[in-house]
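Note that these values count all heavy atoms, side chains included, but never hydrogens, waters or copies made by symmetry. Naming: A, B, ... by sequence-line order, numbering from 1 per chain. None of the values given here were measured: they were computed from a predicted structure.
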Amino acid sequence: MDFKSNEKKWQEIWDKEGRYKAVDFSDKPKYYILVEFPYPSGSGLHVGHTPSQIAMDIVARKKRAEGYNVLYPMGWDAFGLPTENYAIKNGISPIKATSDNIASFKNQIKSLGISFDWSREINTTDENYYKWTQWIFLQFYKKGLAYKATANINWCPNCKTGLSNEESEGGVCERCGTPTVQKPKTQWMLKMSEYAEKLLKGLDDTNYLENIKIMQKNWIGKSEGTLVHCKLESGETFDIFTTCIETIFGITYFVLAPEHELVKKLKDKIKNYDEVEKYILKTSSKSEFERTQMLKEKTGCLLEGIYAINPVNGKKVPVYISDYVLAGYGTGAVMGVPSHDQRDYDFAKVAGLAIIEVISGGDISEKAFEKTEYLGKGCTLVNSDSFSGLTVEEAKVKLNEYLEKKGLGKKINTYKMRDWVFSRQRYWGEPVPLVYCEKCGWVPVPDDELPVTLPKVDKYKPSDDGESPLSLIEDWVNTTCPHCGGKARRETDVMPNWAGSSWYWLRYIDPHNDKEFASLEKLKYWNKVDLYNGGGEHVTRHLLYARFWHKFLYDNGFVLNPEPFDRRVQQGIILASDGSKMSKSRGNVVDPLKYVREYGADVTRLAHMFMGDYVEAKPWREDTMKPCERLLNRIVALSDRVVKDKSDENKTILAQSIKKVSEDIDGLKFNTAISQIMVLTTALEKASVVSEEDYKVLLSLVCPFAPHTAEELWQELDFGGRVDDSWPTYKEEDLKAGQVEIAVQVNSKIVARVMINPDDSQENILNTIKTSDTLKSYLDGKQIVKEIYVPARLVNLIVK
RNA sequence: GCCGGUGUGGCGGAAUGGCAGACGCACGGGACUUAAAAUCCCGAGUUCGCAAGGACGUGUGGGUUCGACUCCCACCACCGGCACCA
């Protein structure tokens, strides 16, 4: 049989039957498998996309055989820059470009025989989809979690245009090479920081891989510390945040972020304001890239005539501004303790400031004695008034108590995670559904007028003032205020790429609902995603955004559980065969269809999975095609030998194979599952009898990997029912073989191998071995001081 | 710098503290064939040896153990993420 020629046939049968449609409210237990939906780019589906879809397909097919009602859907995350740029360049509409790309992606996926439920296909650029993206945004707005604020955008002074982070990588404009600058712009923000603690805590209720949890934790970046109220000599107050309150007596200066509000307030009191203003200007023109390049050299500017008071000892110290203090983190102001913080140390050296040791046990003549070195070592405070002599740990507690009692400060937590800049000055994204009215201010578009659709234009170009291209489309921008009916203008920013993917798994649950994004009944039935597979590059962005939206929806009663995904796994990235990243621009993209045409879908699927450990990154290689083709050929050839007789000749290897393949699929160890299928095939080839029952097990096990071939053979042999009707089971007692070979060691060195019956008693086995001829020379005249028996594995005799 | 991960034959990769190298690729030998392809059988970690057999072997150096790829300590290399986070 040539299995390749039957693949199309089975794909059509599955389609026609709707075999893989997930059934809402079925009595079967449900299992929801999600694989990240692709961005339908012009370069087509490539082998970077396929491993995860194939792997999850294998899990889905196995789960269905086990009796689960499996939801395994697919869709398209189609808004985004590449399509927009492609459309501008070629003068076509992004809508057309998107639908062309989707058609080709879909064709590629279908030819691999992936069992997606296509009746639930979604597309983030579909009006019926982004209607709900906009609706959810408005819920954020109505709860006060969407707000306008000034944030920086990357700006090319030459092209006079705003750039995405991708377009300004390395700090230069992608188009003209001019260094980009940061330009402040009013933008929509989502108050993600309000969910920092919930996002952190919620991780405990998930089964993500441990490294994924750690990455998210690091990104959220919780710090426990102390907020301290400080005063200037002239009476103004400001707060600082520190995680090292024990070093507060070591303050020799304070530093404010250049953007700190106090700086402007003090304008009249700062003697060198000209100089200060210059420094601020210099900082603000620096790009993010430049600022991170400045790791070593510390710069700053003294605020002449300004002094601050150390709240714990009343000491008068100078105040600086410096760009190593970030406005957006903590309070935008820090205490300078050069003795115990390396950055402060560097700054103090440059500025010629005093360095006072307050934690004993280190050497501060060359560098700071930092918390990573002194924590947990029993170091004590010095030069700290009544707190001197306490250990660091004691001092932390006592100082916090002291500050709290005196009203000088309190314990707080801060987070590195910032609010989400939710505006893009682009065309190809979801319009932000708000209008601005001179009288009423920002007014949400009423629900019954959603979606606010993108104006369909033949051609458009980016504006040259940093505004969205939409701002040039006058008859779209001008509208009436939903509130007062007066003249109003639409928001012209669109949402970022990440918007549509922040809730898409909910839409699969109820994709055609035009009353709600999904009904509560269906949400209740499907509950959460049981298994979510995606790329490592999405762990800190998409995965966090998605959890944020979900938690917000949960808090407002729109979904029924606080976490969207139970188990999160990731596939290793597939690189080009030379180890470089696969991309259209490098011209090293590998099309899976090439292999489907040459070897068929089943071989291609097997080869993908046999390439190595699923979770490890690896270069694409095609030398796994042939052995997988050989495996299927052998299984086909074996069908000629199948007889109706019963036989338990193969029961051990069958039981072992069922166990191994089942466990390996659950554990995503697809390569070793295929190895086991190879081992089983070899065993059946060598067996004197291959019974129908034996062969059925083989087909069932191979079915998730090579479904077309398994179906075809099952039908050809007229086994009745379907190959994927059930998943084979085994008896525990069949796992053990009657006789096994074990190793015999003397003083931990292997001296012999013997066959034993593993059910025999330890005493018997040891006696037989000790008295055997082969061991004689090793044991004669020696005394056995210790005997070790590892059941069914080895015997180790320690002699003297 | 910080946080993760990974280091095993010529190659991809297997191994609940218990026979390292399963299963494959490539390779060598053989069978079938006029020949090739396909298929099948056999061999193979490295090294010394004609052989029997020996020595050495999971990044490096130590340690725990009857026994370590696996556990502990120190280090090296590569990959990924974060990066002036107070």
Side-chain angles (χ1 to χ4, degrees), chain A residues 209-219 221-223 225-226 240-245 247 254-255 257 291-298 322-326 328-337 340-344 346-347 370-372 414-418 536-537 539-540 570 572-573 575 579 607 610-613 615-619 621-631 633-634 637 660 669 671-682 685 741-753 785-799:
Chain A
L209 291 174
E210 201 50 38
N211 64 326
I212 293 178
K213 286 190 186 184
I214 290 169
M215 261 180 156
Q216 290 222 341
K217 278 180 191 158
N218 290 348
W219 185 270
K222 180 176 182 173
S223 290
T226 311
I240 58 128
F241 173 72
T242 178
T243 55
C244 307
I245 193 64
T247 63
F254 284 94
V255 190
R291 265 177 96 155
T292 54
Q293 288 297 86
M294 311 269 298
L295 281 165
K296 283 155 246 145
E297 272 304 287
K298 293 273 176 293
S322 173
D323 63 1
Y324 83 85
V325 175
L326 308 172
Y329 182 77
T331 60
V334 301
M335 59 184 197
V337 184
H340 302 289
D341 183 294
Q342 191 57 42
R343 288 158 308 170
D344 295 348
D346 295 341
F347 188 78
E370 294 199 279
K371 63 177 166 186
T372 48
T414 62
Y415 303 86
K416 281 190 224 172
M417 194 179 72
R418 315 288 170 80
E537 70 276 24
V539 164
T540 45
Q570 51 183 283
I573 184 173
L575 306 162
F610 193 55
M611 225 168 274
D613 187 337
V615 302
E616 289 302 323
K618 54 197 158 293
R621 38 191 292 144
E622 48 186 45
D623 59 4
T624 49
M625 292 288 165
K626 284 261 184 284
C628 292
E629 184 178 46
R630 218 164 277 155
L631 174 67
N633 277 327
R634 285 165 60 198
K660 176 94 179 124
K669 302 263 175 207
N671 54 338
T672 48
I674 295 170
S675 292
Q676 187 61 37
I677 292 172
M678 289 173 169
V679 170
L680 174 62
T681 305
T682 307
E685 281 169 345
E741 192 190 65
I742 65 165
V744 179
Q745 298 181 330
V746 174
N747 286 342
S748 306
K749 253 183 107 157
I750 293 166
V751 297
R753 294 185 169 81
V785 295
K786 195 170 182 183
E787 298 171 356
I788 295 148
Y789 173 62
V790 183
R793 285 195 188 270
L794 63 62
V795 166
N796 189 4
L797 303 172
I798 309 304
V799 301

Can you tell me the distance, in whole Å, between the CZ atom of A/R621 and the P atom of B/A26? 10 Å
Sugar-phosphate, base or nothing in reach of A/D344, heavy atoms under 4.0 Å: nothing
Using atom C1' of each nucleotide, how far apart are B/G12 and B/A31 to the nearest Å? 29 Å
Rounding to the closest angstrom, what is the interatomic distance between B/U65 and B/C71 at atom C1'? 10 Å
Expressed as a whole number of angstroms, how long is the span from A/Y329:OH to B/A83:C1'? 13 Å
C1' spacing across the pair B/G17 / B/G63, given as an integer number of angstrom: 15 Å
Are OP1 or OP2 of B/G54 and a side-chain N or O of A/K749 less than 4.0 angstrom apart? no
Determine the Euclidean distance between corresponding C1' atoms of B/U46 and B/G9; express it in Å to zero decimal places. 8 Å
Identify each atom pair where a protein N or O and an N or O of nucleotides 75-77 of chain B are less than 3.5 Å apart, giving names and distance.
none

Would A/K222 pass as a cation-pi partner of A/Y415, given that its NZ or CZ must be under 6.0 Å from the six-membered ring centre and within 45 degrees of the axis? no
First of A/G221 and A/T540 reached from the 5' end of RNA chain B, by closest nucleotide: A/T540
Separation between the P atoms of B/U16 and B/C3, rounded to whole Å: 29 Å
Need the pair for B/U58. Rule: Watson-Crick or G-U wobble, both distances under 3.5 Å, any strand; none if unpaired. none
Both distances below 3.5 Å, Watson-Crick or wobble geometry, any strand: find the nucleotide opposite B/G80. B/C3
5' to 3', nucleotides 17-23 of chain B under a 4.0 Å protein heavy-atom cut-off (B base, S sugar-phosphate only, - none) gives -BB--BB
Across every strand shown, the nucleotide meeting Watson-Crick or G-U wobble geometry with B/U34 (both distances under 3.5 Å) is none
What integer distance in Å separates A/K371:NZ from B/C2:P? 13 Å
If every non-hydrogen atom of A/I798 is compared with every non-hydrogen atom of A/N747, which pair is closest and at what distance? CA-OD1, 3.3 Å
Where the chi angle of B/G54 falls, syn if within 90° of 0 and anti if not: anti
Whole-Å distance between B/C85 C1' and A/K416 NZ? 5 Å
Rounded to whole Å, CD1 of A/I212 lies from C1' of B/G5 at a distance of 12 Å
Heavy atoms only: give me the nearest A/T331-A/I240 pair and the separation to one decimal. OG1-CA, 3.3 Å
Using atom P in both nucleotides, what's the gap between B/U58 and B/G21 to the nearest angstrom? 14 Å
May I ask you to decide if the ring planes of A/F241 and A/Y329 are parallel, tilted or perpendicular, using 30° and 60° as cut-offs? perpendicular
Closest heavy-atom pair and its distance - A/L797, A/E787: CD2-CG, 3.8 Å
Please measure how far the C1' atom in B/A83 lies from the corresponding atom in B/G1, and state the result in whole Å. 8 Å
Side chains of A/E629 and A/N633: any donor to acceptor distance under 3.5 Å? no
Rounded at 0.5 Å granularity, tell me how far CG in A/N796 sits from OH in A/Y789. 13.5 Å
Identify the heavy atoms of A/M678 and A/R634 that sit nearest to each other, and give their distance. O-NH2, 3.9 Å
Kindly give the atom pairs (protein nitrogen or oxygen, nucleotide nitrogen or oxygen) under 3.5 Å for nucleotides 37-40 of chain B.
unit_1, atom_1, unit_2, atom_2, d
B/U39, OP1, A/R630, NE, 3.1

pair_partner(B/C25), Watson-Crick or wobble, both distances < 3.5 Å, evaluates to B/G10
Atom CD in A/Q676, atom OG1 in A/T681: separation rounded to 0.5 Å? 9.5 Å
Shortest non-hydrogen contact between A/A257 and A/L326, atoms and distance: CB-C, 4.0 Å
B/A83 P sits how many Å from A/M215 CE, rounded? 12 Å
Only pairs with both distances under 3.5 Å count, Watson-Crick or wobble alike; so what is the partner of B/C69 in this structure? none
Rounded distance in Å between the P positions of B/G59 and B/G10: 13 Å
Would A/V799 and A/K786 count as a side-chain contact (heavy atoms from CB on, under 4.5 Å) if you check the C-alpha gap in whole Å, the side-chain angles of each, and the deciding distance to 0.1 Å? CA-CA 7 Å; A/V799 301; A/K786 195 170 182 183; over 6 Å; no
Under a 3.5 Å threshold, yes or no: a donor from one side chain and an acceptor from the other, between A/T247 and A/K371? no
Roughly how many Å is it from NZ in A/K618 to C1' in B/C78, rounded to a whole number? 17 Å
Non-hydrogen atoms of A/C244 and A/M335 that approach each other most closely: O-CE, 3.5 Å
Tell me the interatomic distance from A/E629, atom CD, to B/C25, atom P, rounded to whole angstroms. 12 Å
